[in-house]
Amino acid sequence: MFSRVRSQQGVAAVGATLLGYGVMVLAGVAGWVIPFAVAALVVLAGEIALATRFAETGVLLEKAALGPVWRWLVRDLAVVLLIVSAVRPGVAGTVGALLLPAALWTVAVGTTALHRIVEGRAATPAFTRNIDLGAVRRVPVPPGWADRLAGAQMPLLNFLLLPAAVVAALVDRVSPVVVTGLVTLAAGLVTAAVLTLTFLRGRGRTPGVLPAVEAWMTRERPEVALYFAGPAKDVYQANMWLAPVEAAGRRAVVLLRNEEAFRALADTRLPVICVPAGVDFMNLDFSSLRVALYAANVGANIHLLREPGVTHVFVGHGDSDKQASVNPYSKVYDEVWVAGPAGRERYARADVGVLDQDIVEVGRPQLAGVHTFGSGATDRPFTVLYAPTWEGWLDDDPYHTSLVAMGERIVSGLLGAGVRVIYKPHPLTGTRWNKAKAAHDRIVALIRGAGGVVDATSLDGGAHLVVTGRVPALFDCFNVTDLLVSDVSSVVSDFVQSQRPYAVANPAGLPEDEFRRSFPTARAAYLLSADCGELSKILDVTRAGDDPMTEARRELKAYLLGPDEPNPMERFRAEIDRLCA
């Protein structure tokens, strides 16, 4: 049951909660008031933890038939048992003690079902930005208090019976439970009545958002779509393509499938449409589209890939030597756009079914604002950017990121060398591996202890920085960086645009020749082993300006990112025009 639970704390919370339920039932049978009260507190704390910090564990409990419904019934049973054994209310009192929780249960279930119906009817099927939809017909929604009570807070009413049962046992009267039960029942009935009236007012009406979106599509006839169906935590993958698509000069639209991702999308002047439901999305008319650009490989891409007459292009979210950059899924697209010859050769070596004639080299138009070596300001302290990648999808790959094996050692060495440190972790850091999250927290503590600014929003000044938000962007960090320390990732490929020195972590300790052969992006890098013994020498060489890797970086830039002329934005625009013609 706990095979997918990554957190020992989550397992402990589950164990304590289930033990609390067991003790509560046993105490109810025996009439032990104090043990019942203590167990009820443990249960309440456990339920709060499972609803917030350990939500994934709570989902697994539900799959094991120990979900919220089962636990609700156990609480009701424990209350009735304690009243019957400790208060001994007689036949009438016993019947009342049984009927009140049953009535509350019935009202709660009915209210929750009605709430879902009303919520589904009133739910906005589409969200838009930078689009004038005109007057849109709205479906009535319940008041905020009724919406909250019927949704997430309805189960809380049941918890009120626990302290009421303890009080009833202490005063040897059933009235505290009766009064609490009647009050909670009344609250449920009032909420149900409000939801019923809301439902009747909206009966026969449907939201007009989708027809308005359809009318906009028909009127504006966008030619290019940037499509992203991933969650909010991955929205950075779409953000990096907003400016190039905007600058392409074609009628374009951003299509999203997740409401949270829609809220998290970076600022843009492009029209944005988010349609979460697959049926609603596939019913839209995409006949005007000529090009669809995909920033990530996700299952919901099929909802647009099925559209005939559209050239489907995978642009990804950065070229790197990692396996993700040659995903076999890529062969479903009509074309795959890569930055330079390295991307083309990477697909050829991987032999995953992507044909060479379907690969187009367009450079990285996002890098237009990255200053090349010698063009930035020199009146600032020598700055090192540490930008490790995340831990990856594979649980058995401890060397995907340098963060766990050597991250603290890197940052400590940089702080001790007297350089300015900017730490910008991958947006997904810590989402798969608790050790990565712990290492990140320790690095943040190191920088804070050195007088650094955590969650910095500006790169100005000379303080050490921890940059975790959308702003400053990674490319902005490049422009104040003299030396990059990173992992095998697209960060390295993009940084080569600057022609500045960079070091790549080699936590697995591979021989230098093998490492550079396996990861071509490291051909012009200084390599950093797990003990970071090379760090001081790398700093000495790069700070002195006597850098033997300069020519190697110049050659690598053409290999990874393509030629400087025509520039990447011109190439990107030309390929868009070709497919729209």
Side-chain angles (χ1 to χ4, degrees), residues 20-21 24-25 27-29 31 33 36-37 39-41 43-48 50-51 62 67-120 122 140-201:
Y21 275 109
M24 199 163 59
V25 171
V29 172
V33 180
F36 183 96
L41 288 174
V43 165
L44 178 59
E47 290 290 351
I48 292 174
L50 291 176
E62 190 166 1
V69 173
W70 180 87
R71 302 198 299 271
W72 181 315
L73 292 174
V74 172
R75 292 194 296 271
D76 284 347
L77 174 63
V79 167
V80 172
L81 289 173
L82 183 65
I83 294 299
V84 171
S85 60
V87 180
R88 301 182 185 279
V91 176
T94 301
V95 172
L98 286 169
L99 290 180
L100 268 176
L104 180 59
W105 165 262
T106 303
V107 170
V109 171
T111 303
T112 302
L114 186 59
H115 175 256
R116 289 181 178 176
I117 294 173
V118 173
E119 186 180 45
V141 296
W145 65 267
D147 185 64
R148 291 189 297 272
L149 186 59
Q153 296 180 9
M154 180 59 72
L156 299 180
L157 295 178
N158 170 261
F159 279 101
L160 298 178
L161 293 179
L162 297 178
V166 173
V167 173
L170 291 175
V171 302
D172 198 27
R173 298 177 60 184
V174 76
S175 55
V177 171
V178 173
V179 171
T180 303
L182 290 175
V183 170
T184 54
L185 185 62
L189 289 172
V190 170
T191 303
V194 171
L195 292 175
T196 301
L197 290 175
T198 303
F199 172 77
L200 293 175
R201 285 174 53 211

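- Among residue pairs with one or both ends in residues 76-87, those qualifying as side chain to side chain donor-acceptor pair (under 3.5 Å) are Trp72-Asp76, Asp76-Asn158; sequence neighbours excluded.
- Taking Val166 as the reference, Val33, Phe36, Ala37, Leu170 meet the side chain to side chain contact (heavy atoms under 4.5 Å, CB included) condition, with sequence neighbours excluded.
- The minimum heavy-atom distance between Ala187 and Thr191, with the atom names listed, is O-OG1, 2.8 Å.
- Annotation for Ala39 and Met24: closest pair CB-N, 3.8 Å, computed over non-hydrogen atoms.
- Atom CG of Leu161 and atom CD1 of Ile83 lie 9.5 Å apart (nearest 0.5 Å).
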Side-chain donor-acceptor pairs of residues 172-180 under 3.5 Å, sequence neighbours excluded:
residue: Thr180; atom: OG1; partner: Pro176; partner atom: O; Å: 2.8

Test side-chain contact (heavy atoms from CB on, under 4.5 Å) applied to Leu77 and Leu73, step by step | CA-CA 6 Å; Leu77 174 63; Leu73 292 174; over 6 Å; no
